[in-house]
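Report on the structure given below.
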Amino acid sequence: MGSGGALTGRLSRIRTSRNSKSVSTQKNESITLLKHPWRHIKPFVSIRQSFSTSPFNNIIPKNIPLLFPQMENRNIEKLLFYDLETTGLSGGAGTLAFLAGFGWVENDRLIINQYFLHDFPGEIDFLLLIKELLTDDKILVSYNGKSFDHPLLRTRFLMKGLKLPSISEIDLLHTSRRLWKNRLPSCRLGVIEDRILDIHRVNDIPGIEVPDIYFDFLKTNKSEPLEGVFKHHLQDIKSLAFLLAYINGQWFNPFNIPENDKTSFGKIMLFRNREEGLELLKQSFLKKDNEAGKILSIYYKRNKNLTAAVNIWKEMWNNSQELFQGLELAKYYEHKTKEIESALEIVKLLMQKENTERIMSKLEHRMRRLERKSVSG
DNA sequence: TGAAGGGAAGTTAGCTATAC
DNA sequence: GTATAGCTAACTTCCCTTCA
């Protein structure tokens, strides 16, 4: 019901702006309303360029970490951080981008171009300006861009008879989830900024308000409220660069990684065959992090180092009698050392704690088998 | 509202150990 | 030697989150 109302409202706003011929003619006057440093470069498009210090300046080497293996050996200067502000969330033909930002590192600076679409008739110029930046040696960096920004751009290019160049993309949402989903309440960019990057926005505009501010601009020509959107959008792109620089820095200096991130970084490093990952996980496990113990023991088990795996399971079991370590120890006692009574004791303890029907039936099955072996053996 | 991708859970195939 | 059971890895399916 709520979403239906929102859709009706959006359609009504689009209809109002499209039915009003005078809106477009008024736009030619409104373009000059955008203050310096905005520059009017096409009938309905303006551009603003911003400069700040590159967050990669103190990081050596400046290669993209192997955390993103498909980008191996490419230089930071090939990255194109990007973000769109749009007229809504839903995909399809009804939503378009009215603000596009692209940032890149040049020498010691982070340069960000923001392109603003004053009204719908200028969309083709808006897209052509974007296309100029998308050369095939670039790597796009986004936050949820693979699911949101990229498909939306593809649709808009298609609708204007243009082809969106095919470029590799790093979507930092998924990297962030792998790194921090266990210790942050959510992995929205704002939360990552606040809790990881130490970036705290003041008077920031919530994303949900952005489409309405743009539709109001289309109707009233008043550009002041857009300043908040421009500021919000610029910060989004800066944060992308800072986030990748942060991950890059940790990747190349693994022993400076904060205590509570060692397990997740260690896990990814181990997955990427970086032996520092093993050391990080060992350090976490020494601090009683059972998740680190779980990852480490699976690694040892797969690499046929059963002694090391068993030592971890025993220690984990002494710390807390949970399903993972209990089951692994029960398997080990039953099949390797033939200590049937030890296995049985563990399974019975797990059954006292378990309340999931599915797990319970598996434990019962295991217990019956162990009891048969105990009687016969 | 739609799409991508990570992870959990479920399924299947292949291998090994054991019982008869 | 054959049947059965268990384990593991690989694969599939489903759910959840994020974007303005």
Side-chain angles (χ1 to χ4, degrees), chain A residues 1-11 13 68 70 82-101 140 142-155 169-182 184-192 204-215 226 228-230 232-233 236-237 239-240 264 267-268 271 291 294-295 298-299 301-304 306 309 323-324 327-328 330-336 338 340 343 347 356-359 361-362 365-366 368-370 372-373 375-377:
Chain A
M1 188 119 138
S3 62
L7 181 63
T8 310
R10 197 158 64 239
L11 284 171
R13 285 194 295 271
F68 309 104
Q70 67 274 41
Y82 86 107
D83 182 52
L84 305 177
E85 299 302 326
T86 73
T87 56
L89 262 190
S90 37
T95 302
L96 55 80
F98 65 86
L99 184 62
L140 291 170
S142 65
Y143 208 79
N144 200 30
K146 284 187 176 178
S147 306
F148 181 73
D149 306 74
H150 203 126
L152 192 134
L153 264 189
R154 197 187 304 122
T155 303
E169 179 161 357
I170 296 173
D171 188 335
L172 291 177
L173 165 66
H174 304 293
T175 314
S176 300
R177 280 210 183 125
R178 290 174 77 181
L179 288 172
W180 298 300
K181 76 170 255 197
N182 287 333
L184 294 184
S186 103
C187 287
R188 284 182 294 114
L189 184 58
V191 175
I192 302 291
D204 188 44
I205 294 210
I208 195 168
E209 293 179 12
V210 169
D212 283 339
I213 293 173
Y214 184 62
F215 284 122
L226 281 169
V229 177
F230 298 149
H232 165 94
H233 179 241
D236 278 351
I237 299 166
S239 292
L240 282 176
S264 52
K267 184 180 178 181
I268 297 179
F271 184 68
E291 179 63 20
K294 190 173 171 181
I295 299 161
I298 290 171
Y299 170 82
K301 188 180 169 184
R302 283 185 184 159
N303 287 281
K304 313 291 180 199
L306 202 57
L323 189 67
F324 170 78
L327 265 185
E328 291 299 333
K331 285 184 210 170
Y332 171 74
Y333 287 136
E334 181 184 355
H335 300 292
K336 296 294 175 188
K338 313 297 176 194
I340 304 301
V347 172
T356 315
E357 201 176 318
R358 188 180 60 83
I359 305 288
S361 70
K362 286 190 172 183
H365 180 72
R366 189 176 294 275
R368 283 194 291 273
R369 187 179 69 243
L370 285 165
R372 281 198 303 274
K373 286 186 179 182
V375 170
S376 65

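In what follows, chains are A, B, ... by sequence order, proteins preceding strands, each numbered from 1. The structure presented is a predicted model; accordingly, all values stated were derived computationally and were not measured.
- For A/His232, whose side chain is taken as the heavy atoms from C-beta onward, the closest listed nucleotide among C/dA20, B/dG7, C/dT18 is C/dA20.
- Under the side-chain hydrogen bond (donor to acceptor under 3.5 Å, both in side chains) criterion, A/Arg369 pairs with A/Glu334, sequence neighbours left out.
- Rounded to whole angstrom, the span from the CG atom of A/Asn182 across to the C1' atom of B/dA8 amounts to 13 Å.
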Let's test your reading of the pairing rules: Watson-Crick or G-U wobble, both distances under 3.5 Å, then write DNA chain B as a dot-bracket string with ( ), [ ], | and dots. .|||||||||||||||||||

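- Every residue two or more places apart in sequence or in another chain that forms a side-chain hydrogen bond (donor to acceptor under 3.5 Å, both in side chains) with A/Tyr82 is listed here: A/Glu169.
- The side-chain contact (heavy atoms from CB on, under 4.5 Å) search around A/Ser176 returns A/Tyr143, A/Trp180, A/Ile192, A/Leu243, not counting sequence neighbours.
- With C/dA20, C/dC19, C/dG6 as the candidates, the nucleotide lying closest to the side chain of A/Arg369 is C/dG6.
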Collect all protein-nucleotide pairs involving nucleotides 3-5 of chain B in which both atoms are nitrogen or oxygen and the distance is under 3.5 Å.
from, atom 1, to, atom 2, distance (Å)
B/dA4, O4', A/Ser147, OG, 2.7
B/dA4, N3, A/Ser147, OG, 3.3
B/dG5, OP1, A/Lys146, NZ, 3.3
B/dG5, O4', A/His174, NE2, 3.4

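- Not counting sequence neighbours, A/Lys338 has no partner by the salt bridge (Lys or Arg N to Asp or Glu O under 4.0 Å) test.
- Partners of A/Asp149 by side-chain hydrogen bond (donor to acceptor under 3.5 Å, both in side chains), not counting sequence neighbours: none found.
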Could you list the protein-to-nucleotides 13-18 of chain B atom pairs, N/O on both sides, closer than 3.5 Å?
from, atom 1, to, atom 2, distance (Å)
B/dT18, OP1, A/Lys338, NZ, 2.6

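- At least one donor-acceptor pair closer than 3.5 Å links the side chain of A/His233 to the backbone N or O of A/Asp83.
- Looking at residues two or more places apart in sequence or on another chain, you find no side-chain hydrogen bond (donor to acceptor under 3.5 Å, both in side chains) involving A/Thr86.
- In this structure A/Phe230 satisfies the side-chain contact (heavy atoms from CB on, under 4.5 Å) test together with A/Leu34, A/Trp38, A/Arg48, A/Leu99, A/Gln114, A/Phe116, A/Leu226, A/Glu227, sequence neighbours excluded.
- Residues that satisfy the salt bridge (Lys or Arg N to Asp or Glu O under 4.0 Å) test with A/Lys294, not counting sequence neighbours, are absent from this structure.
- If you check every strand for non-hydrogen atoms under 4.0 Å, A/Ser186 touches sugar and phosphate atoms only.
- Looking at residues two or more places apart in sequence or on another chain, you find a side-chain contact (heavy atoms from CB on, under 4.5 Å) between A/Lys331 and A/Lys301, A/Glu328, A/His335, A/Arg366.
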